[in-house]
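Below: one structure, written as structure tokens.
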Amino acid sequence: MRYQSHKYISLHDLASVIEKTPRCEPPMNRVPTWSALNRIAAHDIITTMDVPHRARAAYDGFAVHSMDTPGKLRLMGSVRVGEIPTFGVDRGEAVYVTTGAYLPDGVDAVVPEEEVELIDDQVLVANKVMSGANIDPIGSYLASGSKVIGKGDVIMGHVIPALLEAGIMEVDVYERPTISIISTGNELVKPTNASDAVQAFLAGKTVESTGSLISWFIESYMPYLSIIEHRLVNDDPESIRSIMLDALRKSNILITTGGSGPSDIDYIEEATSSLGPKWMIRGLKMRPGRPTTVAAMDGCKLIFGLSGHPISALNALINVIEPMVKIMLGIRRSPAKPIVKGRLTRGIAVEPGIITQIRVKVTRGNGELLVTPLGGGSSVTTSLAATDGLITLTSSLREGDIVDVFMMRDPGDA
């Protein structure tokens with residue numbers, strides 16, 4: 001047997017498992033910067049030119065030579081943003097410029113238009129203007145050779161304008177790692193219409209939702225990944241193993257839901273171990289989601305076997321899958337999670353050493369956020385409708401303690 005199996009490993013051991021996650025560098029390709037949203041930078045991205053590469057007006061006004069102020073200057077034309085000046089400006093002359101316009105040769109200052117009087121083609125400047133006034137000099141934004149973002153950074157939407165402003169029109173990024181999701185269980189259905197869903201529900205079936213929740217989490221907080229399939233499979237060991245093997249052939253990461261428990265119809269551990277992982281762990285000291293399975297395969301592939309309960313899957317997504325995948329891919333900076341601080345309205349008792357995720361209601365009151373724990377076990381999926389956020393604890397807390405809350409939606413009013 002090539003793998004090692006540990007029953008309910010400790011919080012400390014979980015950290016060491018995450019640290020031994022196999023490091024991978026997916027294939028690299030070069031893409032236009034405007035198409036690089038949510039891709040992982042394969043190298044440090046360095047500007048090869050000064051930005052701006054020639055002086056620009058920082059204000060709407062008149063470009064002049066400071067030695068001519070105060071004085072009466074002759075208006076010689078205009079340069080607007082997006083134009084390259086094709087003429088120079090001599091002493092005693094001025095040119096109208098808009099904010100961001102490149103300056104013609106011969107000027108060293110811009111006088112705001114509200115500070116001049118324009119009479120026909122005469123520009124009257126009443127006050128002395130200092131050299132460099134209202135000008136963005138060459139390299140004042142970025143000097144050539146500056147790092148814009150680093151290797152392993154996820155290229156976010158707000159970064160793309162900065163890259164384009166720096167003249168970086170192509171970037172080297174990693175191909176998107178792929179994910180397959182397999183939901184197991186004879187009880188699962190994926191209806192195509194509401195009528196069929198109601199009939200299935202009344203017949204004791206479960207409309208599949210955990211895989212959909214996983215997809216939402218990945219698209220929201222791990223958008224550098226690409227979900228290529230979500231399949232349902234019955235509780236049959238051969239079918240489960242066959243579909244897992246097929247998914248691993250085309251995916252970097254495989255997430256299964258259901259079948260992770262100890263009952264005689266839970267086949268995920270058996271199927272995963274039969275695939276010959278490099279290492280495998282079944283059982284983590286966390287609640288909910290203790291039967292979670294984690295395995296590393298040859299070829300830098302990961303398998304995560306999660307509970308079929310959405311609440312348990314959320315705990316594994318936040319505290320196991322996301323940190324392990326970031327280590328595997330060498331991600332340094334990624335989309336921020338919506339974490340806020342709030343005050344507990346009552347105490348919470350948890351078992352020491354167990355990573356425990358608590359659903360909470362969050363309201364505004366007395367100038368702060370008030371955090372109220374919600375009851376119900378991991379199987380009470382309906383409690384998610386009242387859930388505003390999640391808190392993760394490793395020890396008990398008292399009423400009035402301040403906690404970090406992973407917000408799922410805006411808080412309500414007390």
Side-chain angles (χ1 to χ4, degrees), residues 8-15 17-18 209-214 216-218 220-222 255 257-258 260-261 283-294 304-324 335-414:
Y8 299 119
I9 68 169
S10 68
L11 177 63
H12 177 269
D13 289 338
L14 175 59
V17 169
I18 291 176
S209 62
T210 304
S212 300
L213 179 142
I214 291 169
W216 160 78
F217 185 91
I218 289 169
S220 299
Y221 304 111
M222 305 171 71
I255 299 176
T257 72
S260 62
L284 302 174
K285 285 192 174 182
M286 67 181 193
R287 185 178 291 126
R290 283 204 288 184
T292 298
T293 296
V294 183
F304 298 99
L306 309 186
S307 165
H309 295 304
I311 293 167
S312 299
L314 265 177
N315 198 11
L317 282 162
I318 293 171
N319 291 303
V320 180
I321 294 179
E322 199 250 1
M324 289 189 74
K337 298 183 186 67
I339 305 294
V340 302
K341 291 190 179 296
R343 188 180 302 277
L344 280 177
T345 61
R346 64 171 181 262
I348 304 173
V350 301
E351 185 177 343
I354 301 290
I355 301 173
T356 304
Q357 187 180 83
I358 307 292
R359 282 147 281 157
V360 296
K361 184 174 181 60
V362 183
T363 55
R364 301 180 184 91
N366 300 321
E368 61 183 351
L369 294 178
L370 304 177
V371 180
T372 302
L374 297 171
S378 63
S379 61
V380 187
T381 304
T382 52
S383 66
L384 288 173
T387 298
D388 297 321
L390 304 167
I391 58 176
T392 299
L393 307 178
T394 55
S395 60
S396 299
L397 295 177
R398 297 172 298 181
E399 179 181 340
D401 284 346
I402 301 298
V403 293
D404 288 332
V405 186
F406 183 107
M407 294 298 294
M408 310 284 281
R409 64 183 175 196
D410 288 338
D413 293 321

Quick check: closest heavy atoms across [X] and [Y], and the distance to 0.1 Å?
{"X": "Lys341", "Y": "Ile402", "value": "CB-CG2, 4.0 Å"}
{"X": "Ile358", "Y": "Pro373", "value": "CG2-CB, 4.0 Å"}
{"X": "Ser395", "Y": "Val350", "value": "C-CG2, 3.2 Å"}
{"X": "Ser307", "Y": "Ala313", "value": "O-CB, 4.3 Å"}
{"X": "Pro323", "Y": "Ile318", "value": "CD-O, 3.4 Å"}
{"X": "Gly389", "Y": "Val405", "value": "CA-CG1, 3.9 Å"}

Return the [atom1] to [atom2] distance between [X] and [Y], rounded to the nearest 0.5 Å.
{"X": "Leu344", "Y": "Leu393", "atom1": "CG", "atom2": "CG", "answer": "7.5 Å"}
{"X": "Asn315", "Y": "Thr392", "atom1": "CG", "atom2": "OG1", "answer": "6.0 Å"}
{"X": "Met407", "Y": "Ile391", "atom1": "CE", "atom2": "CD1", "answer": "12.0 Å"}
{"X": "Glu399", "Y": "Ile348", "atom1": "CD", "atom2": "CD1", "answer": "11.0 Å"}
{"X": "Gln357", "Y": "Arg287", "atom1": "CD", "atom2": "CZ", "answer": "13.0 Å"}

Would you say [X] and [Y] make side-chain contact, with heavy atoms under 4.5 Å?
{"X": "Leu284", "Y": "Asn319", "answer": "no"}
{"X": "Thr372", "Y": "Arg346", "answer": "yes"}
{"X": "Leu213", "Y": "Leu317", "answer": "yes"}
{"X": "Arg364", "Y": "Leu369", "answer": "yes"}
{"X": "Leu384", "Y": "Arg359", "answer": "yes"}
{"X": "Leu390", "Y": "Met408", "answer": "yes"}

Residue pairs, two or more places apart or on separate chains, that pass ring-ring contact (aromatic ring centres under 6.0 Å, His included) and touch residues 362-411: Tyr221-Phe406
Got a sec, which pairs hit ring-ring contact (aromatic ring centres under 6.0 Å, His included) with one end in residues 374-401, sequence neighbours left out? none
Step by step, would you call Asp401 with Arg343 a salt bridge (charged side-chain N to carboxylate O under 4.0 Å, His left out)? CA-CA 6 Å; Asp401 284 346; Arg343 188 180 302 277; over 6 Å; no
More than 12 foreign heavy atoms under 6.0 Å from CZ of Arg409: is that the case here? yes
So, applying side-chain contact (heavy atoms from CB on, under 4.5 Å) with Leu306, which one of Val294, Thr293, Ile214, Val320 is it? Ile214
Candidate pair Ile255 and Ile218, rule side chain to side chain contact (heavy atoms under 4.5 Å, CB included), full reasoning: CA-CA 11 Å; Ile255 299 176; Ile218 289 169; 4.2 Å; yes
